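Input: a single structure, listed below in structure tokens.
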Number of protein chains: 2
Amino acid sequence: MTENLLKPTPKNTLRGHEVTEQIKNFILRNGLTSGDPLPTESELCSELGASRSSVREAIKRLSALDIVEVRHGHGTYVGRLSLNALVESLTFRGRLSSGDDLATLSELVTVRKVLEQGMGEAIIQAYDDEQHSALEALVLRMEEAAERGESFIEEDRSFHLMLLAPMNNHLVTQLTGAFWDVQAVVAPLLLTTEAEARETAAAHRAIIESARHGDLPAFVAAVAEHYAPILNHLQEPEGNRG
Amino acid sequence: MTENLLKPTPKNTLRGHEVTEQIKNFILRNGLTSGDPLPTESELCSELGASRSSVREAIKRLSALDIVEVRHGHGTYVGRLSLNALVESLTFRGRLSSGDDLATLSELVTVRKVLEQGMGEAIIQAYDDEQHSALEALVLRMEEAAERGESFIEEDRSFHLMLLAPMNNHLVTQLTGAFWDVQAVVAPLLLTTEAEARETAAAHRAIIESARHGDLPAFVAAVAEHYAPILNHLQEPEGNRG
DNA sequence: CAAAATTTGTCCGTATGTATC
DNA sequence: AGATACATACGGACAAATTTT
């Protein structure tokens, strides 16, 4: 009578997490890198001895972390290991606490400030004319936009990424980009009055001028001044209060 | 001719991602916070008009980001929004590139250093006797362990988290913890020789002493000296070389 | 351009493990 | 211990997307 023909599956560890680890190990064992194709779902099923549902759920977990990337009707590939998961997680956290308090966002902006200040010494050391030209061009466009009463979001993002680019630290760049994205989504157009836009443009100019002159204290101060108005806005919500 | 009797399911967006967004919106709309229970899978199926598979795969994605948390046989709950996803993602990235180069880990340690240095001003400003006692106790245990030739991993983790604790910036603390965890997994016991252990303990003491005296340049230097040997190890692999 | 093949996406039905009462 | 409610796992069938023939 249908004894234990099927092994009772040692349920000390969950199948799904098992499969998740096995797929990660498969990538590591075979030395795959971003973009390399993975076996198809059915192949993974037979190779790992798991059902398609389990394999698919494992893949979902891994794709949320950008460890794998799925293209419908095409295949599954090793992901780009971006920080999308961080962006999504922090964005949700921000949206969740938003309304009653913007503490989360305030923390995030503080981290951005501190990261940039901490990078100051390295930034100044690596600062050269080429980089200055590129940043100067960005700042000019900011100033022009401010005069026209327009915003300059993209220029702002480029500025902060370009400021860090020369140190070739992928992680710093990605973190900065991630934080910027979260901030842009959770608090879109935080500063939009014309006066504030002009101030912000000026703050960016102060940053690159201090870097150009190799003046670390001035750089730290300039970064602080750049983030100060944002932090002020976040700590005392502008809208409705008695 | 078989007009749009059944809506042809606007397959511009995939069902799974739809469901993922709907679950996130459900949490936001109902103002749920960490620990609050979510509807059961079957309830979600009927409410969202999706199959169990789609709902389950969406939940897998969300649980990977710690936006929801699943307890087997009990239910699904709003997650703690930790940075586990970041840890897992970075850990995998480190393991993936490990062997040929430890560039990833080197970047990570640099970020840790820079974050702590950038925090210096705020740390010093908030530094008080109470905190110093706690940190002093940790450093003492480090020094004792170093004398006995033992390592002091847990003390190290506590030290760096406690150093940042007073600023009540959840994100900084979580990021630091996450980075520490990644480093511990990818490069376990990076420094284990007795001399290095003593050096490291001394570096920690230098950090708290400079903070105690409110000496920012000394603090920055102490942090740099703390991370310098680690970065050296990472940039020139110790093992096999002519 | 059209059909076929491949691969992932979705759905259903059912059985099993797990936690709570 | 038994009952209930829940998540986990499996297998099969069909839909949708992409590439190839």
Side-chain angles (χ1 to χ4, degrees), chain A residues 1-23 26-27 32 35-79, chain B residues 2 4-23 26-27 32 35-79:
Chain A
M1 284 100 148
T2 97
E3 314 252 345
N4 46 6
L5 302 180
L6 306 192
K7 56 180 176 184
T9 53
K11 287 308 185 206
N12 205 336
T13 113
L14 256 37
R15 206 93 181 88
H17 291 118
E18 257 180 53
V19 178
T20 307
E21 290 306 312
Q22 286 174 319
I23 295 179
F26 178 91
I27 297 174
L32 305 182
D36 291 348
L38 259 60
T40 68
E41 290 184 354
S42 9
E43 284 171 337
L44 283 174
C45 291
S46 41
E47 284 183 28
L48 305 182
S51 77
R52 198 169 158 221
S53 322
S54 302
V55 169
R56 281 184 59 76
E57 290 180 3
I59 290 179
K60 260 50 191 176
R61 265 186 288 260
L62 293 176
S63 80
L65 304 177
D66 205 6
I67 288 178
V68 308
E69 183 186 344
V70 180
R71 290 208 279 268
H72 188 173
H74 196 252
T76 308
Y77 302 82
V78 179
Chain B
T2 101
N4 45 7
L5 302 182
L6 307 193
K7 55 179 179 185
T9 51
K11 287 310 185 204
N12 208 337
T13 112
L14 255 36
R15 206 93 180 89
H17 291 115
E18 257 180 53
V19 177
T20 307
E21 290 305 311
Q22 285 174 320
I23 294 178
F26 178 90
I27 296 174
L32 305 182
D36 290 349
L38 259 59
T40 68
E41 288 184 355
S42 7
E43 285 172 335
L44 283 173
C45 290
S46 41
E47 285 183 29
L48 304 181
S51 75
R52 272 185 290 288
S53 320
S54 302
V55 170
R56 281 183 60 74
E57 290 180 3
I59 289 179
K60 262 41 185 185
R61 265 186 288 261
L62 292 175
S63 81
L65 304 176
D66 204 5
I67 288 177
V68 308
E69 182 187 344
V70 180
R71 290 209 280 270
H72 188 169
H74 196 255
T76 307
Y77 302 82
V78 179

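Labels below follow one simple rule: chain letters A, B, ... track the order of the sequence lines, proteins then strands, and each chain is numbered from 1. Note that the coordinates shown come from a computational prediction; the quantities given were computed from them, not determined experimentally.
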I need the [atom1]-[atom2] distance between [X] and [N], as an integer number of Å.
X	N	atom1	atom2	answer
A:Y77	D:dA17	OH	P	17 Å
A:H17	C:dT18	NE2	C1'	15 Å
B:L14	C:dT7	CG	C1'	13 Å
A:R15	D:dA9	CZ	P	8 Å
A:H74	C:dT7	NE2	P	10 Å

In Watson-Crick or G-U wobble terms, both distances under 3.5 Å, what is the partner of C:dA2? D:dT21

Under the side-chain contact (heavy atoms from CB on, under 4.5 Å) rule, collect the residues that match up with [X], sequence neighbours excluded.
X	answer
B:V70	B:I59, B:T76
B:T40	B:S42, B:E43
B:H74	B:R71, B:Y77
B:R52	B:C45

Using a cut-off of less than 4.0 Å, is there contact between a side-chain N or O of B:S53 and OP1 or OP2 of C:dG9? no

Closer than 4.0 Å, any side-chain N/O of B:S54 to the OP1 or OP2 of C:dG9? no

In sequence, state the C-alpha distance, the side-chain angles, and the governing distance for A:I23 and A:I67, and then conclude on side-chain contact (heavy atoms from CB on, under 4.5 Å). CA-CA 10 Å; A:I23 295 179; A:I67 288 178; over 6 Å; no

A:R61: salt bridge (Lys or Arg N to Asp or Glu O under 4.0 Å) partners, not counting sequence neighbours: none

For B:E47, give me all partners under salt bridge (Lys or Arg N to Asp or Glu O under 4.0 Å), at least two apart in sequence or on another chain. none

Electrostatic pair B:R15:B:E18 at N-O distance under 4.0 angstrom: yes

Nearest to the B:S51 side chain among C:dC12, D:dC10, D:dA7, which nucleotide is it? C:dC12

Per B:A50 side chain, nearest of listed nucleotides D:dT18, C:dC11, D:dA7: C:dC11

If you go through the side-chain atoms of A:R52, does one of them form a donor-acceptor pair with the base of C:dG9 closer than 3.5 Å? yes

Shortest non-hydrogen contact from A:L65 to B:A64? CD2-O, 4.0 Å

Heavy atom of residues 40-48 of chain A under 4.0 Å from DNA chain D: which residues? none

Got a sec? Which of residues 56-73 of chain B come in under 4.0 Å of DNA chain D, heavy atoms? B:R56, B:K60, B:V70, B:R71, B:H72, B:G73

